[in-house]
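A short write-up of the structure that comes next.
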Amino acid sequence: MDVKEIRAQALKKIDELHPKTDRDLAELKTYFFGKNGVLTGLMKSLKVLPPEQKPQVGKDINDLRVELAGICAELEKDIHRIAIEQAINSQELDLSIDRPEHAIGSVHPLNRVRRMLTDYFVGNGYIVYDSPEIETDYYNFQALNVPPDHPARDMQDTFFINDNILLRTQTSSGQIRLMEKYKPPLKMICPGRVFRNDDDSTHSPVFHQMEGLVIDKNVTLCDLKGALDGFAKFIFGEQTQIRFRPSYFPFTEPSVEVDVSCFNCHGKGCRVCKNTGWIEILGAGMVNRKVLQNCGIDPDEYHGFAFGMGLDRITMILCAINDIKLMWENDVRFLHMFK
Ligand code: PHE
């Protein structure tokens, strides 16, 4: 047995096969190192050699193994390098081309307004309360002093899921849940989605409200006016005036509709205020005694005020948006206007 000759054969085989792919290389490795490979054959024949020759031939075989393994490793590197080069060349990467502009996101105007109002009220000691969107008739109506068949239900065309379960039409349901859970004094806002079967350019079946509720001893209509006056000045500017107009909600008594002086024309009359000088922004009032009783609060000991505003409406006024649908369409051109 001549290791040198086997080595020469092996090198010739590499030249012949000239491996270009992983598959060629695997074939070559099997030829060298496989079960029936040349090195295995050499090792077998080592056994039958006279003992005095074994150490030298054993060393020669081992040297050959190391040499061939090194060659295979080099070949493997070449194969991979060539594969990568080919992939790059075939893609014709053109590094001179202009990259597309990265679109930078922005906060949706509705969320901006919600955050701004939330900051204001939290800064004034209100907690933020989250109340369910799917409600029972009791929390959305009855506990708020709107019994079944009450005509006030007409104003809130409701999506009923069954006779008892509905999508809340107002965040006022959050008032009841809060008063059931916590003892007065209370100061909370409850922002969230509400649902009504309405659909035109200023009404969407899904819209957003922010409820406010304050319950304490000796709370009066003056406190309501002070709270809303501060709020209006914060949102629409220091010169803003508010006015109360008598209104009706079953859950407040007395009830008011609140207008702010037009921030655009300061009362002279313009498109924003439809030439009236005033913009209606919310409904409010003193919490009805019956509502307090329904929640286990003694109406002779505690009084409170509540208000509810449409966040979409306030956003539309502030951002001069004329169609509520724009808020939902996710047209990036619209969203980019409010960066
Ligand atoms: N929930 C009333 C509405 O949706 C608004 C409101 C809230 C009025 C709280 C008074 C007090 O129209």
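We count ligands from 1, going down the list as the structure has it; atoms in each ligand are counted the same way.
Listed by chain and number, residues touching ligand 1 at under 4.0 Å (heavy atoms only) are Gln156, Gln170, Ser172, Gln175, Arg196, Gln209, Glu211, Phe249, Phe251, Thr252, Gly283, Ala284, Ala306, Phe307, Gly308.
Looking at residues two or more places apart in sequence or on another chain, you find a ring pair (Phe, Tyr, Trp, His ring centres under 6.0 Å) between Phe338 and Phe334. Under the salt bridge (Lys or Arg N to Asp or Glu O under 4.0 Å) criterion, Lys20 pairs with no residue at all, not counting sequence neighbours. Under the salt bridge (Lys or Arg N to Asp or Glu O under 4.0 Å) criterion, Glu280 pairs with Arg245, sequence neighbours left out.
Atoms CG and CD, on Asp137 and Glu135 in that order, are 10.0 Å from each other to the nearest 0.5 Å.
A ring-centre distance under 6.0 Å is not found for Phe195 and Phe159.
Comment: Asp300 does not engage Lys217 in a salt bridge, judged by the lack of any side-chain N to carboxylate O separation of less than 4.0 angstrom.
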